[in-house]
Each structure stands twice: as structure tokens, then as C-alpha cells.
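Here's the structure we're looking at; comments come further down.
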Amino acid sequence: MEIKSTDRDDFRRVYDADYHLLVQVIMHIVYNLEIAEDLTQEAFERFYVKNMTFPSEDDARYWLIRVAKNLALNHIRRNKREIEMVEKVKRMPSAAADERDGASEAIERENREEVRRAIDALPENLRMVIQLKEFSGLDYKSISKVLGISETNVKVRVFRARKKLEEALRGEEDVY
Amino acid sequence: MCIDAQMLSAYLDGELAEPYRTQVKEHLEHCPACRRHLEDMKAVGDRIRSAEYPDELLDRNKDRIFALLDSKYFQNGRKVSFIRRRLEISIPSLVTAAAAVVFIFIGSFMFFGTSGEQTGEILPSFAVQAGSGSVRYVSDEASLDNFTLEEILHYLDSKGYNVDISIKGLQPLETPAE
Ligand SMILES: [Zn+2]
């Protein structure tokens with residue numbers, strides 16, 4: 001079914017279907033929910049302003065994910081200095097935060113950090129693919145449409161990313 | 001012969017075409033080594049996905065942002081939403097709200113853009129402060145004139161900002177039409 005980005009019903013349908021996916025994709029790049037929300041809003045604004053007609057909801061989704069991904073990557077590049085500063089501050093010991101977090105939350109955060117480090121260490125061409133696969137649950141065909149690469153290429157990259165992540169995460173465990 | 005690891009990875013994703021899918025399935029039934037390999041691969045996937053953020057968290061502002069877009073684009077919006085200006089001011093919120101000082105330029109100076117060089121020409125003292133890393137300022141081509149100062153303050157306050165306002169190049173604020 002055709003999607004016209006400036007039609008309110010179509011816009012609403014696409015928004016409802018894809019908002020979550022976009023926040024998630026962006027969140028795993030910028031790791032800050034407020035920024036992820038801002039950029040998601042911007043992606044949908046671009047969608048509207050573009051005034052485009054898509055052959056299907058899927059095509060609208062691929063377009064939006066592409067835009068979201070690029071917005072997030074641009075944000076990271078543009079704000080590298082600020083992000084480094086923020087990271088430094090976040091690592092400073094904060095008694096208040098430690099008391100607030102229960103033990104399980106601390107473990108959860110630790111796990112998230114480990115996975116994040118392992119994913120961040122991947123080359124960019126593998127990172128996006130595995131994030132779209134594992135976090136967003138996209139199939140190979142969708143990933144190939146979003147990234148403009150062949151399905152075979154997606155298959156190869158998913159596998160390579162898995163292998164590298166397995167090594168990286170196993171390496172971390174051996175430390176303890 | 002045992003299954004190629006890349007094929008196993010595709011099998012795990014349910015992306016392996018026939019006849020390979022059936023072949024792999026049958027092989028797995030009588031090969032513990034490949035079963036173990038598959039389990040390991042699955043475990044990595046589970047581990048990665050355990051770093052996922054909760055749905056409720058990611059969706060917390062879904063309705064709010066839709067309402068903003070809806071009023072901006074579909075309701076012949078009387079007001080222009082400005083939630084996106086958080087982009088310029090949200091970084092200090094991570095540092096701690098108290099550390100954040102937000103400068104709001106009202107009127108003509110808002111149109112001078114955000115480059116440090118430009119700002120330095122116009123307001124040398126501000127440029128020095130802005131370079132400190134903990135100071136952001138709000139500036140946008142789209143004017144904040146659609147909002148009363150009270151609305152802006154209320155918004156920033158609700159975000160936990162310690163707001164310090166300096167008003168330069170003052171122009172009369174237009175009260176939004178009722
Ligand atoms: Zn085997």
C-alpha cells in the first residue's frame with residue numbers, strides 16, 4: 001500500500017509502526033535517550049518535509065532507518081569532543097548513583113557496558129549490520145535495503161560480526 | 001562433513017534457503033559438535049540482546065513527540081514545537097543539571113547562528129564562556145518568538161536546568177495569538 005508522507009493517516013501509521021525502531025537504532029549509536037528522541041523527531045520531520053510517496057510501508061521504513069542512522073552518525077561526528085567530556089564526567093565516581101542502583105542494576109549496567117565496548121570495537125561496516133540484526137530484529141533483506149548492500153553481503157557481515165563479538169566477549173570473561 | 005560456520009549463522013537467523021536448511025537440520029540431529037557450535041552462536045546473540053533497552057523506556061515520549069509533529073504539520077499549528085531545541089542543550093543534562101547554564105538569546109541575536117567565530121565577533125565575552133564546554137546556548141533559524149519567556153522557562157525548568165538568562169539585542173516579544 002502506497003504511503004504519502006504528508007498524508008496524516010499515512011504519517012500516523014508509519015509513525016506508530018516505526019517510532020520504536022528508530023529510537024532504538026539511534027540509541028545504540030548515540031547512547032543517550034534525549035538525543036535519540038530528538039533525532040527520531042528530526043527523522044520524522046524530514047520524512048514529512050520530503051513530501052514523498054513510497055511504494056509501500058516497508059520502503060518508508062527503509063528510508064527512515066537510513067535517515068535515522070545517518071543523523072545519529074553525524075551527531076556523533078559533530079559532537080565528538082562534547083561526548084568525550086560527558087563520558088569522562090560519567091566515569092567519575094558518584095556515591096549518589098551507586099546507592100540508588102541496586103546490585104542487579106549495577107550488573108545490568110556492567111553487562112551493557114561490556115557489550116557496548118565489544119560492539120563499538122567492531123569496524124563500522126559490521127557494527128551497523130549486527131545492530132540492525134540483533135537489536136532491531138530486521139531480516140537480511142531489510143538490512144540489505146537499508147544499507148544498500150546485497151543480501152549475501154549481509155549474511156557474511158552478520159557472521160563476521162558474530163565471530164568478532166564472540167571473541168571479544170569471551171576475552172572479557174577470561175579476565176575474571 | 002561438518003557445517004560451515006557461516007551457513008550455521010544464516011541457519012540461526014532463519015535465512016538459509018532450501019535444500020540447505022533441511023540438510024543442516026538433519027546434520028544437527030546427529031552431530032553434537034555442530035549443535036554445540038550453534039548453541040555458542042545463540043549464546044552470543046542472547047548476550048548482545050541482553051544489552052537492549054526496555055521498550056517502555058524507549059517509547060516514553062512516543063505520544064508526546066507525535067502530538068508535537070501533529071500540531072506542527074497537520075493542525076495548521078498555531079505554535080511551532082521546540083522540543084527539538086533540546087539538541088542544543090541536552091548534553092549538560094548528563095553532566096548534572098546543576099552544572100548546566102543555558103543562555104537564551106531572544107530577538108535578533110538568535111539569528112547569528114552557532115559558530116564560535118561569529119559569536120566571538122558579536123559577543124567576545126560570551127564566546128569565551130561558550131568555549132568552556134559546559135555552556136550551551138540555544139539558537140535556531142526558527143525563532144523562539146512563538147513562545148513567551150514564561151513558556152521557555154517553564155520548559156527548561158521541567159527539564160531540570162538551572163537557567164541563567166542573558167538577554168541581548170532585545171526585541172519586543174510577540175504574545176502568541178490566542
Ligand atoms: Zn557437524
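Order of the sequence lines sets the chain letters (A, B, ...), proteins ahead of strands, with each chain counted from 1.
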Non-hydrogen atoms of A/Tyr15 and B/Asn61 that approach each other most closely: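 Looks like OH-O, 4.4 Å.
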
How about A/Tyr140 and B/Asp13: does a side-chain donor come under 3.5 Å of a side-chain acceptor?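 Their side chains do contain a donor-acceptor pair, which is all the 3.5 Å distance test asks for.
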
Tell me, out of A/Val154, A/Asp139, A/Asn111, who's got the most heavy-atom pairs with chain B below 4.5 Å.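 Between A/Val154, A/Asp139, A/Asn111, the count favours A/Asn111.
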
Just so I understand: if I count every heavy-atom pair under 4.5 Å between each of A/Val23, A/Leu33, A/Val158, A/Val156 and chain B, which residue has the most?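 Counting heavy-atom pairs under 4.5 Å, the top option is A/Leu33.
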
Show me the side-chain donor-acceptor pairs of residues 122-130 of chain A shorter than 3.5 Å, one per line, residues at least two apart or across chains.
none

Do the ring centers of B/Phe66 and A/Tyr19 come within less than 6.0 Å of each other?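 No, the ring centres sit 6.0 Å or more apart.
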
Please answer: with hydrophobic residues joined when any side-chain heavy atoms are less than 4.5 Å apart, are A/Tyr62 and A/Ile29 in the same cluster?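 A/Tyr62 and A/Ile29: one cluster.
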
Salt-bridge present ([X], [Y]; N to O < 4.0 Å):
{"X": "B/Asp70", "Y": "A/Arg12", "result": "no"}
{"X": "B/Arg47", "Y": "A/Glu166", "result": "no"}
{"X": "A/Glu37", "Y": "B/Arg60", "result": "yes"}

For the pair A/Arg162 (side chain) and B/Val44 (backbone), establish whether a donor and an acceptor sit closer than 3.5 Å, ignoring hydrogens and angles.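 No, the answer is negative, given that no donor and acceptor are paired below the 3.5 Å cut-off.
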
Are the side chain of B/Lys62 and the backbone of A/Asp16 linked by a donor-acceptor contact shorter than 3.5 Å?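 Indeed, once roles are kept as given, a pair shorter than 3.5 Å links the two residues.
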
Measuring heavy-atom distances to chain A, does B/Leu12 have an atom under 4.5 Å in its side chain, in its backbone, in both, or in neither?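 Only the side chain of B/Leu12 comes within 4.5 Å of chain A.
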
Residue B/Ala5 versus chain A: region with a heavy atom under 4.5 Å: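 Both parts, backbone and side chain.
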
CG-CD distance between B/Leu68 and A/Glu45, expressed to the nearest 0.5 angstrom: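 Atom-to-atom, B/Leu68:CG and A/Glu45:CD are 9.0 Å apart.
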
Distance under 6.0 Å and angle within 45° of the ring axis: does A/Arg112 meet both against B/Tyr53?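 Yes, A/Arg112 lies over the aromatic ring of B/Tyr53.
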
